[in-house]
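Notes to accompany the following structure.
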Amino acid sequence: MNILYIGSSKSWHLALWVKYFALKHKVLIFSEKEDYLGDSLADDVTIIESNGYLGGALNRLRAKSHSMFHINKLISVRRYAREIENVVAEFHIDIIHAYSLYSGYVASFINADVPIIFTPLGSSLIIHAQNNF
(Lines give C-alpha, C1' and ligand atoms only; values in the text may rest on other atoms or scores of the structure.)
Protein backbone atom coordinates (compact mmCIF):
# COMPACT_ATOMS: atom_id res chain seq x y z
CA MET A 1 0.00 0.00 0.00
CA ASN A 2 1.23 3.53 -0.77
CA ILE A 3 0.52 5.94 2.08
CA LEU A 4 0.91 9.71 1.81
CA TYR A 5 1.26 11.65 5.04
CA ILE A 6 0.54 15.36 5.14
CA GLY A 7 2.56 16.97 7.89
CA SER A 8 5.99 18.24 8.81
CA SER A 9 8.81 15.83 8.01
CA LYS A 10 10.60 17.44 10.97
CA SER A 11 7.91 16.45 13.50
CA TRP A 12 8.75 13.63 15.89
CA HIS A 13 5.00 13.04 16.25
CA LEU A 14 4.69 12.24 12.55
CA ALA A 15 7.96 10.30 12.59
CA LEU A 16 6.41 7.77 14.98
CA TRP A 17 3.55 7.07 12.55
CA VAL A 18 5.86 6.96 9.54
CA LYS A 19 8.32 4.53 11.16
CA TYR A 20 5.47 2.22 12.14
CA PHE A 21 3.83 2.07 8.69
CA ALA A 22 7.08 2.15 6.70
CA LEU A 23 7.87 -1.34 8.00
CA LYS A 24 5.30 -2.87 5.63
CA HIS A 25 4.20 -0.11 3.25
CA LYS A 26 5.62 2.54 0.90
CA VAL A 27 5.39 5.83 2.75
CA LEU A 28 5.65 9.36 1.41
CA ILE A 29 5.42 12.66 3.27
CA PHE A 30 4.12 15.92 1.83
CA SER A 31 5.72 18.63 3.93
CA GLU A 32 6.10 22.38 3.85
CA LYS A 33 9.74 23.32 3.29
CA GLU A 34 10.75 25.30 6.35
CA ASP A 35 14.53 25.33 6.58
CA TYR A 36 14.61 26.87 10.05
CA LEU A 37 13.16 23.67 11.55
CA GLY A 38 16.27 21.59 10.83
CA ASP A 39 16.66 18.16 9.29
CA SER A 40 13.95 15.63 8.59
CA LEU A 41 13.22 13.03 11.25
CA ALA A 42 11.99 10.48 8.73
CA ASP A 43 14.41 8.01 7.20
CA ASP A 44 13.89 5.78 4.17
CA VAL A 45 10.75 7.56 2.99
CA THR A 46 10.10 9.86 0.06
CA ILE A 47 9.69 13.42 1.25
CA ILE A 48 7.97 15.84 -1.09
CA GLU A 49 8.53 19.39 0.06
CA SER A 50 6.68 22.46 -1.11
CA ASN A 51 7.47 26.10 -0.57
CA GLY A 52 3.95 27.36 -1.03
CA TYR A 53 3.77 30.93 -2.27
CA LEU A 54 6.25 32.62 0.08
CA GLY A 55 8.32 29.76 1.47
CA GLY A 56 11.07 29.94 -1.14
CA ALA A 57 11.75 33.59 -0.39
CA LEU A 58 11.52 33.03 3.37
CA ASN A 59 14.00 30.16 3.18
CA ARG A 60 16.43 32.16 0.97
CA LEU A 61 16.27 35.02 3.48
CA ARG A 62 16.85 32.48 6.28
CA ALA A 63 13.77 33.83 8.00
CA LYS A 64 13.15 32.52 11.47
CA SER A 65 9.76 34.16 11.94
CA HIS A 66 7.18 31.53 12.73
CA SER A 67 4.49 34.10 11.93
CA MET A 68 5.65 34.54 8.34
CA PHE A 69 5.75 30.78 7.75
CA HIS A 70 2.25 30.47 9.24
CA ILE A 71 0.98 33.19 6.92
CA ASN A 72 2.55 31.29 4.02
CA LYS A 73 0.73 28.14 5.14
CA LEU A 74 -2.63 29.91 5.25
CA ILE A 75 -2.35 31.52 1.83
CA SER A 76 -0.90 28.36 0.23
CA VAL A 77 -3.59 25.85 1.27
CA ARG A 78 -5.18 25.47 -2.17
CA ARG A 79 -1.77 25.26 -3.83
CA TYR A 80 -0.73 22.49 -1.45
CA ALA A 81 -3.98 20.65 -2.19
CA ARG A 82 -3.31 20.79 -5.96
CA GLU A 83 0.26 19.60 -5.44
CA ILE A 84 -0.97 16.72 -3.28
CA GLU A 85 -3.47 15.73 -5.98
CA ASN A 86 -0.53 15.51 -8.42
CA VAL A 87 1.43 13.37 -5.93
CA VAL A 88 -1.55 11.03 -5.53
CA ALA A 89 -1.70 10.50 -9.30
CA GLU A 90 2.07 10.22 -9.83
CA PHE A 91 2.81 7.80 -6.97
CA HIS A 92 -0.48 5.85 -7.07
CA ILE A 93 -1.33 6.71 -3.47
CA ASP A 94 -3.85 4.38 -1.84
CA ILE A 95 -4.55 6.43 1.29
CA ILE A 96 -3.80 9.90 2.65
CA HIS A 97 -3.17 10.43 6.35
CA ALA A 98 -3.39 14.06 7.47
CA TYR A 99 -1.64 14.45 10.79
CA SER A 100 -2.37 17.68 12.66
CA LEU A 101 -5.21 20.14 12.55
CA TYR A 102 -3.61 22.20 9.78
CA SER A 103 -2.94 19.09 7.66
CA GLY A 104 -6.58 18.12 8.07
CA TYR A 105 -7.54 21.57 6.85
CA VAL A 106 -5.33 21.15 3.78
CA ALA A 107 -6.83 17.69 3.19
CA SER A 108 -10.32 19.19 3.13
CA PHE A 109 -9.39 20.89 -0.17
CA ILE A 110 -8.05 17.73 -1.86
CA ASN A 111 -10.11 16.37 -4.75
CA ALA A 112 -8.71 12.88 -5.09
CA ASP A 113 -10.50 9.56 -5.18
CA VAL A 114 -8.61 8.03 -2.24
CA PRO A 115 -9.59 7.73 1.42
CA ILE A 116 -8.32 10.51 3.68
CA ILE A 117 -7.74 9.89 7.37
CA PHE A 118 -7.40 12.78 9.79
CA THR A 119 -5.61 12.14 13.08
CA PRO A 120 -5.15 14.93 15.62
CA LEU A 121 -1.69 15.73 16.90
CA GLY A 122 -0.92 13.79 20.05
CA SER A 123 -2.47 10.47 19.10
CA SER A 124 1.08 9.27 18.41
CA LEU A 125 1.70 9.39 22.13
CA ILE A 126 -0.63 6.43 22.56
CA ILE A 127 1.44 4.30 20.17
CA HIS A 128 4.71 5.48 21.72
CA ALA A 129 3.48 4.70 25.25
CA GLN A 130 2.31 1.20 24.30
CA ASN A 131 5.72 0.39 22.83
CA ASN A 132 7.70 1.78 25.78
CA PHE A 133 6.26 0.43 29.01
Side-chain angles (χ1 to χ4, degrees):
M1 178 183 305
N2 294 337
I3 303 170
L4 175 65
Y5 278 91
I6 304 172
S8 175
S9 64
K10 295 145 192 327
S11 165
W12 68 269
H13 292 276
L14 183 62
L16 293 172
W17 283 97
V18 168
K19 287 177 185 177
Y20 178 80
F21 283 100
L23 294 173
K24 295 187 179 186
H25 304 284
K26 170 117 173 92
V27 175
L28 298 90
I29 301 173
F30 182 88
S31 177
E32 294 88 15
K33 184 169 175 47
E34 298 173 356
D35 290 346
Y36 76 95
L37 289 176
D39 295 328
S40 171
L41 296 174
D43 295 326
D44 300 326
V45 299
T46 302
I47 299 173
I48 299 155
E49 292 183 311
S50 177
N51 285 316
Y53 289 113
L54 302 175
L58 293 172
N59 286 322
R60 278 191 301 281
L61 293 170
R62 299 176 195 250
K64 303 228 185 285
S65 170
H66 294 276
S67 299
M68 291 304 295
F69 280 99
H70 289 308
I71 289 169
N72 180 50
K73 285 181 176 184
L74 286 175
I75 65 172
S76 300
V77 169
R78 291 187 189 273
R79 179 178 177 164
Y80 292 149
R82 283 191 310 273
E83 290 175 6
I84 291 168
E85 290 166 3
N86 292 335
V87 169
V88 168
E90 180 180 346
F91 290 95
H92 308 288
I93 299 299
D94 296 306
I95 193 163
I96 297 171
H97 188 166
Y99 188 68
S100 79
L101 184 59
Y102 173 74
S103 298
Y105 178 64
V106 171
S108 71
F109 290 93
I110 297 171
N111 292 317
D113 195 24
V114 296
I116 299 173
I117 297 170
F118 166 64
T119 307
L121 199 65
S123 55
S124 56
L125 297 176
I126 296 169
I127 293 172
H128 188 64
Q130 289 174 348
N131 291 333
N132 294 289
F133 290 110

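Basis for what follows: all heavy atoms, side chains included, without hydrogens, waters or symmetry-related copies.
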Q | With Arg82 via salt bridge (charged side-chain N to carboxylate O under 4.0 Å, His left out) - residues at least two apart | A | none
Q) Atom CZ in Arg79, atom CG in Asn51: separation rounded to 0.5 Å? A) 7.5 Å
Q) Is the shortest heavy-atom distance from the side chain of Lys26 to the side chain of Thr46 under 4.5 Å? A) yes
Q: Can you measure from CD (Glu83) to OG (Ser76) and round to the nearest 0.5 angstrom?
A: 8.5 Å
**Q.** Heavy-atom side-chain contact between Ile110 and Ile6 under 4.5 Å
**A.** yes
Q.
Taking Leu101 as the starting point, is it possible to reach Ile116 by hopping between hydrophobic residues whose side chains are less than 4.5 Å apart?
A. no
Q.
When you group the ILVMFWY residues by side-chain heavy-atom contacts below 4.5 Å and let the links chain together, are Tyr5 and Leu23 in the same group?
A. no
Q. Partners of Ser108 by side chain to side chain donor-acceptor pair (under 3.5 Å), sequence neighbours excluded?
A. none
Q) Once you round to the nearest 0.5 Å, how far does CG of Leu4 lie from CZ of Phe91? A) 9.5 Å
Q. Aromatic rings Phe30 and Tyr80: how do their planes relate, parallel, tilted or perpendicular, breaks at 30° and 60°?
A. perpendicular
Q.
For His97 and Trp17, take the angle between the two ring planes, folded into 0 to 90°, and tell me which bin it lands in: parallel under 30, tilted 30 to 60, perpendicular over 60.
A. perpendicular
Q: Nearest 0.5 Å please: distance from the CD1 atom of Ile48 over to the CD atom of Glu90.
A: 7.0 Å
Q) When you look at CG of Leu74, are more than 12 heavy atoms from neighbouring residues, nucleotides or ligands closer to it than 6.0 Å? A) yes
(Q) For a quick test of reading the model, state the closest non-hydrogen atom pair linking Ser8 to Ser31 and the distance between them. (A) CA-OG, 3.5 Å
Q. Measuring from Ser103:OG to Ile96:CD1, what's the distance to the nearest 0.5 Å?
A. 11.5 Å
Q.
Asn2 and side-chain contact (heavy atoms from CB on, under 4.5 Å): which single residue from Ile95, Ile93, Val114 fits?
A. Ile93
Q. Hey, any chance Phe118 and Val106 share a hydrophobic cluster, counting ILVMFWY side chains that come within less than 4.5 Å of each other, even indirectly?
A. no
Q: List for me each residue that meets ring-ring contact (aromatic ring centres under 6.0 Å, His included) alongside Tyr105, sequence neighbours excluded, and say none if there are none.
A: Phe109
Q: To the nearest 0.5 angstrom, please state how far the CG atom of Asn72 sits from the OG atom of Ser50.
A: 8.0 Å
Q: Determine, stepwise, if the pair Tyr99 / Ile117 fulfils side chain to side chain contact (heavy atoms under 4.5 Å, CB included).
A: CA-CA 8 Å; Tyr99 188 68; Ile117 297 170; over 6 Å; no
Q. With distance as the sole test, does Glu85 use its side chain to make a donor-acceptor pair with the main-chain N or O of Ala112 at under 3.5 Å?
A. no
